[in-house]
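To start, the structure under review is shown below, and the notes come after it.
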Amino acid sequence: MTFPLPSHLPRPVDVSSQIISKIDSVTFKSLDSTVASSWRAELDESIREQNRIHDRIHANLPVFEAQLTSARSAQQQLQRLSSDVDALNRAVSDPEIGLTSTLLAALKRHHALAQASLSADVLYASLSHLAECKAQLNRVQYLVDTGDLPAAVPASAQLIHLLDTTPRPLGEAAITSDMRSKLRVLTNRVEELLNNAYAQSVVVSPTDVVIRSSVLVPNSNNPIPLSELLSSLSSSSLSAHMTSLRRDLVTHYIDYSLDHPTSLSYSQETDQFGSFIYRLQRLLSSTNHPTPLSNLSCILEFLDDKLFPSIPLSQRETFARSFVKPLTTSIMTRLLVPSLPSNLDALPAFLNLTGSSVDFETKYVVGLLKGDTFEREIKNWVDNVCAHYEKGRRQRILDDVRESILASASRLKDTFVAELITFIGGREEPAPISPVPTDKSNDVRSLKTDLSSSGVDAEDAWGFDDDVEEPGESPTSKPGSSEEPEPDPSEAWGWNDEPVGEPPSQDSLDTMPEERTEEVEIWDDPWADDSVANEPVPAASTSSSRQQPPSNGHPPTNGHVTNGFHPLSKPLQSPRTVNREPYQVSVLVRRIVRAVEDSLHEGKVLASSGIFTISFPSVSTPGTLIMQCGALILDLYHALYPVVAASKLSQPVGRMQISNDCFYLSEEITRVLKNEQPLSSVKEKLEECKGDLHVLADSWYYQGVDKQIVTLEEVLADAHGFTDTSDQERYDECEMVITRVLRDVRTIAPGSSKSKYYTAVGLVVDGVLSRILDSVLAISDIPEVESHKLSELCRILTALEGLFVEDTSESSFVVSYVSSWLKFSYLSELLEASMADLTYLFEEGALVDFEIDELVKLVKALFADTPLRTKTIDKIMNAHPVW
């Protein structure tokens, strides 16, 4: 069938219609022959096209007819198919008799039937499960009410499982929630009853341990055995009870038995229900009490026999092993370590105790408690008992020394007098040839710190083995000695606290009152007593033979100063003499030395006893750690004492005192090493400590000297360069400064040995004089009146020369210790000298200590600008005369 073409769609247009549309649209003006010709040409072309089609059809007319017939047949078949489709659509989709409507209605009826069947099945399953839960809940309730708690626990667990597997429709049902609530109440009640039953079955108090074989719970006629009771407890409750039980047993019985004398008593009873009651009672005993290890054995055997078999297998071994660590720790910390003896005599009994401890660990800790056989802490500790004993002794020794050092903070004035004894082989004196001046750079003061130059052993030179007596013994002279008894050095030093060479006993040291020990008196000439045998030091008579201090630092101390001569001069030896130099030492140092000696002696006694070598082989030699304590004592002293005595060490006097203490300690260590002969390792460490003490002695000594020099320089700063001394007020100020300096210099280094005293005073005086020389030489113009005033001020300090005189019949040796003394002396003369005097002294070489520019500045400051001054300056500029 054909379909009508909609009007809005384009229609096919032939050529004639197009031409007519064009003719209709053309105007009179646009119409011409050309347009008409084009229209004609289009018509002709259309006619020719139609002719070609017509010719083509007629050329193949049979084929065209066949195609036309096929097209008409296809059109008819299409019409029939369309009608069949319309009929099928009506048969399927008809709302009344259609196939789709009929099928949907059948499916709805089937779905409703299936839903009803499923609801019935779910309802049946839910009701069946609820019935089972209800029956189980009633059973649990019955078991709880009758007191059958061991059976109630698994029944509750089964009910919990049923409730956990409840069908989904009952998951949020009110009846299910109600059952859960009732079950929770019953479970809590069962747990409470079980806990109360356990509290009655196992009781641990400070006086006894009670274990019942069975216990009766409320509403029950049959007692519950302890094993069933413990098995019925939840794992968390059982773990908590076991932890609390272990803590109570360790606290009240294991630790208490190790700390106090205790006796244990075991008894067995039967209650009215026929249950056994096992009781372990603790009794306080002061006499005839068992050993701590015996008590521990009794406790563990009681637990193994009465308690451990009732604990569930899952907790039994764990609970037994939980005693291993606290038991071994308590035995070591409360029994073995506190029992470490403080002397060698108590060691055998202690070693018996260690053997018993090892046997106890083998039998009970490893055997009964199933401890690790490879981690036996007690055995490992006992195998190294020698080191533990020595470490304990070392700690006690160091604690005692520490207490002594801390106690010395309130007794810093407790001192005694020691003597530095040197044997001089002979006094060197110049041969009868003139001394040859040496080069100034090599003309160095010789201050010998060691005693090797005296020709004898430095260890013997001190004579401590002969002079220091043991407490209670009186000092005696050396056998065969032909020397006369020496007078008390305290007369020369001003100390009267105790005799030299006779140290007080330990009791007297500990109880020495503070009023018996006083500070050393300040002296002007501390060694004016001629009774002390001493080698006099020759003083140089000219500046050419004067020694200069070393330019590379401080000189060593504790020696004698000798003048340098030309190597070709031959010394003449005088007879051998003894030089005794008393000096002040703190009483604390003597205690330190005694502690070092005691530690070395104790270590040697321990090594020679062989008590550890036989039964307890050790990696190190027995006694080594105790002998090493000597070096630790010294380290503790020079680390702690400066902190304790910090206030005193801030003063120069305190620094000189600790220098004496360190020097005394170093020399005493030499004596101790000679007498005790320790092991090589110990000896090396003590030798190192000895060297450190020597260094500390010199360091504190020179710090004290430097501190004193700085203090005096601050005093000299008040003189303001000694200018304007012509004014009487300025002169009085400068005179007060000089007088104060003189007074302070006389108080330097109290308590030091003679050689240290001379060296310290020499260095301080040299620093003071150098400062004054620099100040005076820096003045650009010195009038006559001012020069006289300056000379007077300089002469005040000449009184310091008396500090360097031991015998009034001999000359002073101040130039040996004060390198600038002659320069300063000549300055006081030059300030009042004439030009001729100055020139004479220069030509005679007396002014070699002055630099050329210093002399030129001094001449310009003292004298007016005249031809004579110019001539003198020119002569000075030509350098010092050569002799």
Side-chain angles (χ1 to χ4, degrees), residues 202-211 213 226 242-269 276-311 315-340 348-383 385 615:
V202 181
V203 180
V204 179
S205 66
T207 57
D208 56 6
V209 178
V210 177
I211 298 178
S213 60
L226 179 60
M242 293 297 101
T243 301
S244 177
L245 176 61
R246 184 188 69 248
R247 182 181 63 249
D248 294 340
L249 289 173
V250 170
T251 302
H252 298 304
Y253 290 90
I254 295 178
D255 291 348
Y256 190 89
S257 298
L258 293 173
D259 293 337
H260 304 86
T262 307
S263 296
L264 298 177
S265 174
Y266 169 74
S267 62
Q268 179 177 333
E269 305 172 0
F276 294 103
I277 301 176
Y278 309 106
R279 187 184 305 274
L280 184 67
Q281 191 172 6
R282 191 185 74 189
L283 303 175
L284 188 61
S285 176
S286 58
T287 58
N288 299 325
H289 57 83
T291 62
L293 294 178
S294 299
N295 289 332
L296 295 183
S297 303
C298 182
I299 295 170
L300 294 178
E301 290 175 355
F302 175 77
L303 295 177
D304 182 61
D305 186 29
K306 307 304 180 186
L307 179 63
F308 289 169
S310 302
I311 299 177
Q315 294 278 349
R316 184 180 304 171
E317 187 174 351
T318 303
F319 178 67
R321 284 185 177 179
S322 65
F323 282 92
V324 172
K325 185 64 177 180
L327 182 61
T328 54
T329 301
S330 297
I331 290 175
M332 287 193 297
T333 58
R334 297 176 181 272
L335 180 63
L336 295 179
V337 175
S339 300
L340 276 172
F350 176 73
L351 296 182
N352 292 334
L353 176 61
T354 58
S356 301
S357 300
V358 173
D359 295 339
F360 176 86
E361 183 184 36
T362 304
K363 180 178 180 180
Y364 293 98
V365 177
V366 178
L368 191 149
L369 299 179
K370 308 302 180 184
D372 193 348
T373 57
F374 300 100
E375 295 183 2
R376 301 182 58 180
E377 296 184 17
I378 296 177
K379 186 178 184 301
N380 295 336
W381 189 89
V382 172
D383 288 342
V385 67
S615 303

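Along the sequence shown, residues are numbered consecutively beginning with 1.
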Check the pair L336, L353 against side-chain contact (heavy atoms from CB on, under 4.5 Å), reporting the backbone distance first and the verdict last. CA-CA 8 Å; L336 295 179; L353 176 61; 4.2 Å; yes

Given the rule in the side-chain contact (heavy atoms from CB on, under 4.5 Å) test, do L249 and F323 qualify, once you have shown the distances and angles that lead to the verdict? CA-CA 9 Å; L249 289 173; F323 282 92; 3.7 Å; yes

Test side-chain contact (heavy atoms from CB on, under 4.5 Å) applied to V337 and T333, step by step: CA-CA 5 Å; V337 175; T333 58; 5.5 Å; no

Are L327 and L300 close enough, and set up right, to give a side-chain contact (heavy atoms from CB on, under 4.5 Å), and what steps lead you there? CA-CA 10 Å; L327 182 61; L300 294 178; 3.8 Å; yes

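The ring pair (Phe, Tyr, Trp, His ring centres under 6.0 Å) search around F308 returns F319, not counting sequence neighbours. With sequence neighbours excluded, no residue forms a ring pair (Phe, Tyr, Trp, His ring centres under 6.0 Å) with F276. A search for side-chain hydrogen bond (donor to acceptor under 3.5 Å, both in side chains) contacts involving S265 returns nothing, not counting sequence neighbours. Contacts of R316 classified as side-chain hydrogen bond (donor to acceptor under 3.5 Å, both in side chains), with partners at least two apart in sequence or in another chain: none. Here E301 pairs with K363, Y364 under the side-chain contact (heavy atoms from CB on, under 4.5 Å) rule; sequence neighbours left out. Qualifying side-chain contact (heavy atoms from CB on, under 4.5 Å) partners for D305, counting only residues two or more places apart in sequence or in other chains: none. With sequence neighbours excluded, the residues forming a side-chain contact (heavy atoms from CB on, under 4.5 Å) with S330 are I254, D255, L258, R334, listed by chain and number. Under the side-chain contact (heavy atoms from CB on, under 4.5 Å) criterion, E375 pairs with D372, not counting sequence neighbours. The side-chain hydrogen bond (donor to acceptor under 3.5 Å, both in side chains) search around R246 returns none, not counting sequence neighbours. Scanning for side-chain hydrogen bond (donor to acceptor under 3.5 Å, both in side chains) contacts around T318 gives an empty result, with sequence neighbours left out.
Nearest heavy-atom pair across S257 and I299 is OG-CD1, 4.2 Å. Nearest heavy-atom pair, S339 versus F350, reported as atom, atom and distance to 0.1 Å: O-CD1, 3.2 Å. Among all heavy-atom pairs drawn from L335 and S357, the shortest one is CD2-OG, 4.4 Å.
The distance from the CD1 atom of I277 to the CD atom of Q268 is 10.0 Å, given to the nearest 0.5 Å. The line from CG of N295 to OH of Y253 is 11.5 Å long, rounded to the nearest 0.5 Å. One distance of note links OG of S263 with CD of Q281; it measures 11.0 Å at 0.5 Å rounding. One finds the CG atom of L368 at 8.5 Å from the CG atom of L303 (value rounded to the nearest 0.5 Å). Distance check, rounded to the nearest 0.5 Å: CD1 of I211 to CG of L280 gives 8.5 Å.
Side-chain N/O atoms of T362 and D359 include no donor and acceptor closer than 3.5 Å.
Within the 4.5 Å cutoff, the side chain of P206 has heavy atoms near those of the R282 side chain. The closest side-chain heavy-atom distance from V203 to D208 is not below 4.5 Å. Inter-residue side-chain proximity for F302 and L264 is flagged as unmet; no heavy-atom pair is nearer than 4.5 Å. Put simply, the side chain of Y266 does not reach to within 4.5 Å of the side chain of C298, judged on heavy atoms. Contact annotation: the side chain of V366 approaches that of R376 to within less than 4.5 Å [non-hydrogen atoms, C-beta and beyond]. Contact annotation: the side chain of S213 approaches that of Y278 to within less than 4.5 Å [non-hydrogen atoms, C-beta and beyond].
The salt bridge (charged side-chain N to carboxylate O under 4.0 Å, His left out) pairs that include a residue from residues 348-357 number zero, where partners must be two or more places apart or lie in different chains. Among pairs with a residue in residues 317-330, those fulfilling salt bridge (charged side-chain N to carboxylate O under 4.0 Å, His left out) read E317-R321, K325-E377, at least two apart in sequence or across chains.
Not a single donor-acceptor pair under 3.5 Å links the side chain of S294 to the backbone N or O of P290. For the pair E361 (side chain) and K379 (backbone), a donor-acceptor distance under 3.5 Å is present.
Taking the six-membered ring wherever Trp is involved, the centroid distance between the rings of H252 and Y256 does not fall below 6.0 Å.
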